[in-house]
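Scroll down for the structure; my scribbles are underneath it.
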Amino acid sequence: MAGFFKRKTDSPASVSGDESTDTDSNEKSSLLSSSSSEEKSASNDDFSFNKSNSVTETTPLKSAAGGKSDIHVHVDEFSTLPVHDASILREQVQVPEFRATFWTLYRYANRTDKILLSIGFLSSVLSGVMRPLMTVVFGNVTQAFTDLGTNAYYDSKYFVYIGIADICFSYLGTFIVMDRGEVLSARVREQYLKATLRQNIGYFDKLGSGEITTRISADTILVQEGMSDKISQMVTNLTTFLAALTVAFVRSYKLTFILLSVIALIVITMTTASRYMIKYFRASLMGYSVGGTLAEEVISSVRNVQAFGAQDRLALDYDKYLAITEKWGLKAGLALGAMIGAMWFSVYCNYSLSFWQGSRFLASGELNVGNVVSVLMSMMNGAFTASHISPHLKQITNAIAAASKIFATIERQSAIDSSSPVGATLESVTGSIELKNVRFIYPSRPDVTVLRDFSLRIPAGSTVALVGASGSGKSTIVGLIERFYKPVGGNVTLDGHDINDLNVKWLRRQISLVSQEPVLFSCSIYENVAHGLIGTKYEHASEVEKRTLVTEALKQANAMVFIDKLPEGLDTDVGERGFLLSGGQKQRIAIARAIVSNPKILLLDEATSALDTKSEGVVQDALDKAAKNRTTIVIAHRLSTIRDANLIVVMSKGAIVEMGTHNELLDKKGEYYGLVQAQQIDKLNEEKRAALLGQTDTPEDEDEKLIELVQLPAEAVEDLKLVKTKTTASARSISSLVLADKPPRVEEKYSIWQLIVAIFKLSEPEHHWMAVGGISAFINGLGYPITSVFYANCIAAFQQSRTDPSSMRGTVDRFAGFFFMMAFVEGIAFVITNGSLAYVAQRLVRRIRYMSFRQMLRQDIAFFDRDENSTGALTATLSRDAQSVEGLSGATLGQILNAAVNVVAGLVLALSVAPKIAIVCAACVPFLIGCGFFRFAMQARFEEQIKKSHGKSAAQACEAAAAIRTVVSLTREDDVWNAYHEALEAQIKISRPATNKSAILYGLSQGIGFFIMALSFWWGSRFLRSGEYSTTQFFITFVSMIMGAQAAGIVFSFAPDMGKAQSAAANIKRLMDSIPEIDVWSDQGEVLDDVQGDIEFRDVHFRYPTRPEVPVLKGLNLTVKKGQYAALVGMSGCGKSTTIALVESFYRPLAGQVLIDGHDVSRLEINSYRSHLAMVQQEPVLYAGSVRDNVKLGSLHQEDVTDEDVIAACKQANIHDFVASLPNGYDTLCGSKGILLSGGQKQRIAIARALIRKPKVLLLDEATSALDSESEKVVQAALDQAAKGRTTIAVAHRLSTIQNADVIYVFDNGVVCEMGTHQELLAKGGKYSELVQMQALEKTA
């Protein structure tokens, strides 16, 4: 979608190098700027993947990675403001850069950890010493063989001792380091979450919650991998390298010094390449973190996405960020490939130089064969292990890059730190609040001044109502009192004390807030309300006492009415963000949560906007009672709720227009009077009422007949609540009978081969690159078998050193030349292997993420309702699974292919040269491979367990980050952290036994290689003594077998990566194979050429798939004719929003039919059908793009939409004037989830998005609930205008908005109980009439 996520900057500047990495927010902003042509190319990036496209540089990250600049760098947006204002705003959003080092990873290690890690690292060091020790024994045995095997038996037993020691040390080192890695990475996660929760709200306005989820689920896993078995293996390899040098020095310092020149080349290569790898990988992470935020936004609003058919457009936007990740990931992979190629070039050069110089020392008599072989073997071993440091180094550099971002947040000093003990606490609070000359600018929108010298005094114990147009600054006042933000001028006082001098947490505990869009947490109703007791004397009260308080609060909030009907009552889980409840039910629980603590100050920001009139009346009474003897600030658009306020403040553009009581302001006939008139419900004249009453008594009245018919099915199929009694089929409800026949959902299991085939197919467009990488890896793998031939010939030549030194030197010189030739061949092959496989890996990761994201958006709404598919879990899956597959590709895959060829080729060579020796040694290899395989299988099972626990903890963290305002207003920071801490502790307990088994198997796989050596020398010495095999044959067999055994050990050192990759591949395949019941990819079904808009429900029964025990619709019948404006009213939870969801075809009814123009909706082609509908939800959803892009998202053919179309839609929705007044106009960013706009502004943009679609059926689910009276009147007129010529179904609690509806259906308990026009229903004096009376706005007595 062109232009999405585009940031408008007045004077874009270009930089290069690392100059632009000033702050996280700068990097983030740089991500949000790119030219339209770049974006267009991104959108058109072929994702059929038929050809290998170059990476689209849509939102590049040169600033983070150096090189030629290809971005517009974020200009300091506060530079135009006065210095004082700029410093206050900058402090709230800026994140200083943090440069992590390796030791940063271990910052949270305590004394016990340090002792254990010392033991672990010491064990790894001792394990690393074993191989150089082996070279000493090897030199002695070679000398013995030169003397025809005299002491070979005696010396070979030392290999057994070394093997036993290596098993013990490898096990101990691996177990301790892996276990501590899990523990310490959990602490990093905890500290990151703790640091995130203490940040000021301005920080979150700049940062999406998806970025936080990515950091906590994916980046912390990278940190863990950098501290886990990879580091112990790297320490072992590094020690082997250093110990090998030491042994070589002891045996011959001259020869070793000469060989050090090559070692220096290896060290320079590694340090240079790792620097670039960290730089590039950091840029790759930065790209994905923004993509993760987009994914989180889209998944959390999936109903909106599906309603507008925006799946593909948003997936292409997501792909723009994947392109960035791919580009920088590929550069990191190429840097690694260059490093590995250079290292292997150095290794073979080392062999060449070793033999060439060694032969000279032998010829001169300075060294004997044993010493030369010890030096050669030591240097070979050192070089071999040094070359295997690189994959582990990649993991560690990745960890350091990820840690830089994580620790930047941990180190950030919050401008308003809720965890700080600093600040005064008052002994008693009366609740007097005063705002003095307050000037306020949002840090995320510095070009708009929201409040200008605003002053208001709120006496203790009074109720003050704030009314006015959306964007006038009402919610801003609530944010300032809660200390969400800092004003740039003036101050806010509580009981005469400046709130900046008060302790933040203490202040927030004196205040209860009910916000416009209530946020519930994924736990039971009881737990949600009990969160309101945090910080009070009841926080640690007994369970019984807490339940009593919670129940009382729920009664006051009129919530027990529906809770009592739920099977689990108070213990009913509300689902993620409370999605299992209706808007009104959520709001009542949020109100109960606010009043349960009996706060001193109550802030109600549109607290009853989502309630039906009856609930509103009861709840308003409860709030009026709760407001007594406490300070209450009410923001309301529904003016019937604030008639009894002590003071009503009318605001406009950040200033007070008029103040007074309801009656006083009505008498003034000013702004407030106009607002009241806009909401006044027409009075019914008596004559018409009498006439209507007369009609309703006649038996011929069709409406009455219809009502009777509507009621009949509900009575016939009344649900019997699953009571354990012997019932006949007819006594059970229709929906329960349908559910009984539904088969249970079974999770698919896949074999390893199926998963390999699936991933191979996903890489199909890059198969030619895989072939290149495979052929190069095959050449790499042949290196050591060929080396064994060269090596054996050189050793055989050494035996002539005493008899014919010149012939010996000639032979060795020839083979040294071969080694030098091998250096070029192997070096180039390694670069090609790693380069091509890195390209394949990055394309695969991008494709997996893109396809997984599209596949998620393909699923029906029931998929997202399930617990395991929470937004946090799905966002974490997108990030983690592709990363796990990448962990087994690129350099790692090259290493595995290389090692596999090495094993097979070595075995074939050994069997062909000396079969009697080879066959005995080969018999041991299955034990080695078996250890590795069992480790892999066990790791795969373990990964499945860990995924579930990681998903749960990631979902908790994501939920807290997404609802940060609610978390901090409830002072839930410690509570959230404790729950997260417990989840991680449980995870560690699950991990430990598996880690122990994995370490044992790894230790065995390391030690068996030495046993094979012992067997080779002991068995081979017999054949040498008998003369059956020559020294050359023996050494060819020995070196090829030993290098093969070492290679097999290296393959299975990647068992944890294999386990993760298998688990990830299973998740990916499961998702790819998932075909939803309502499939937006399917073209099956009838396509209607001409939709009129007749909607009918015929005896519809429905229950939500995740709550099959709760009936929602119980035989609903209703008809909406073409062009009619139908309104649905009734209590919260009676099925109104469910009706809208069924019209949108989000779910299928269990029984009955939903029809459009007489066609069953379930038999229509879903995309074609939805193209005729437009929906505006109760809680409007916007995305982090510009206003223009959010409006265009509603269009069917976005490329054809002109700016004139956008402006026309915005004018209809009464938002154009506001947008035009902003400095950037339609290019103004809305922020993550529209956070930079007020509720009313978001709602009007959502309405404009629906209107630009020009739908035949318009669905309004509380579409004007967040609007002020003035806007509502204009928008309602616009909606009335828009409704002409199209069918409109509106759910409304504010009855003034639907009094002109053609037909009003009054819902009760899942059926229609009354229907008619506004005046007909008033005349009946039934339920609707009661609701109208509650919303009357005459003068109060």
Side-chain angles (χ1 to χ4, degrees), residues 24-25 28 92-93 95 189-217 289 292-293 296-297 300-301 409-410 412-420 442-444 475-476 478-486 504-505 507-509 511-523 528 531-532 534-535 576-578 590 593-594 603 605 870-872 875 953-980 1179 1184 1231-1237 1239:
D24 266 3
S25 62
K28 176 101 181 271
Q92 294 180 70
V93 294
V95 183
R189 285 188 179 96
E190 289 171 1
Q191 292 300 323
Y192 177 72
L193 182 63
K194 186 180 277 186
T196 302
L197 295 175
R198 72 162 186 262
Q199 301 304 327
N200 53 286
I201 299 298
Y203 171 83
F204 293 94
D205 292 348
K206 279 283 188 183
L207 195 79
S209 56
E211 185 161 334
I212 292 163
T213 308
T214 301
R215 296 253 179 275
I216 214 157
S217 58
S289 68
T293 293
E296 192 271 340
E297 276 189 7
S300 67
S301 61
T409 302
I410 292 173
R412 183 180 187 267
Q413 294 298 310
S414 175
I416 304 166
D417 189 349
S418 59
S419 67
S420 171
Y442 279 103
S444 48
S475 295
T476 300
V478 168
L480 288 172
I481 292 169
E482 279 272 12
R483 275 198 76 189
F484 288 163
Y485 301 96
K486 282 185 174 182
V504 179
K505 192 166 276 190
L507 172 70
R508 287 175 181 163
R509 283 176 174 173
I511 302 168
S512 278
L513 168 68
V514 182
S515 55
Q516 194 169 337
E517 293 170 17
V519 173
L520 299 186
F521 298 97
S522 185
C523 53
N528 266 291
H531 288 150
I534 292 168
E576 189 189 8
R577 292 189 177 94
R593 181 173 64 194
L603 304 177
D605 187 354
S870 67
T871 302
T875 310
S953 59
Q956 284 177 332
C958 177
E959 182 181 56
I964 190 66
R965 278 173 166 75
T966 307
V967 169
V968 298
S969 67
L970 290 167
T971 64
R972 263 202 78 201
E973 297 96 328
D974 292 342
D975 180 50
V976 167
W977 186 85
N978 287 331
Y980 187 62
E1179 294 171 17
S1232 176
K1233 296 182 181 148
I1235 196 76
L1236 303 181
L1237 302 172

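The analysis underlying the following values was restricted to heavy atoms, covering all of them including side chains, and did not include hydrogens, waters or symmetry mates.
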Can you list the steps and then say if Leu197 with Val968 is a side-chain contact (heavy atoms from CB on, under 4.5 Å)? CA-CA 8 Å; Leu197 295 175; Val968 298; 6.0 Å; no

Check against side-chain contact (heavy atoms from CB on, under 4.5 Å), Leu970 and Ile534: CA-CA 7 Å; Leu970 290 167; Ile534 292 168; 5.6 Å; no

Nearest-0.5 Å distance that lies between atom CG in Asn200 and atom CG in Asp417: 9.0 Å

Without swapping roles, check the side chain of Trp977 against the backbone of Glu190 for a donor-acceptor pair under 3.5 Å. yes

Can you tell me how far OG1 of Thr966 sits from CZ of Phe521, rounded to the nearest 0.5 angstrom? 5.5 Å

Would you say Tyr485 and Thr476 are linked by a side-chain donor-acceptor pair, where the criterion is simply a distance under 3.5 Å? no

Evaluate Ile201 against Gln92 for side-chain contact (heavy atoms from CB on, under 4.5 Å), listing each step before the verdict. CA-CA 8 Å; Ile201 299 298; Gln92 294 180 70; over 6 Å; no

Are His531 and Val976 close enough that some pair of their side-chain heavy atoms sits under 4.5 Å apart? no

Heavy-atom pair of closest approach, residues Val93 and Pro443: CG1-CB, 3.5 Å

Side chain proximity check, Phe484 to Leu513, heavy atoms < 4.5 angstrom: yes

Can you find a pair of side-chain heavy atoms, one from Lys194 and one from Tyr980, that are under 4.5 Å apart? no

Can you tell whether the side chains of Arg965 and Asp605 come within less than 4.0 Å, N to carboxylate O? no

Should Arg198 and Glu973 count as side-chain neighbours, where that means a heavy-atom distance under 4.5 Å? no

What is the distance from atom CD of Glu296 to atom OG of Ser300, rounded to the nearest 0.5 Å? 4.5 Å

Check Val514 against Ala594 and note the closest heavy-atom contact, atom names and distance. CG2-CB, 3.3 Å

Interatomic spacing from OG1 in Thr971 to CZ in Arg508 - rounded to 0.5 Å: 9.0 Å

Taking every heavy atom of Phe204 against every heavy atom of Thr196, the minimum-distance pair comes out as CZ-O, 3.0 Å

Over all heavy atoms of both residues, which pair between Gln199 and Ala195 is shortest? Give the atoms and the distance, please. NE2-O, 2.8 Å

To the nearest 0.5 Å, how far apart are CD1 in Ile964 and CZ in Arg972? 10.5 Å

Could you give the distance from CD (Gln413) to OG (Ser420), rounded to the nearest 0.5 Å? 9.5 Å

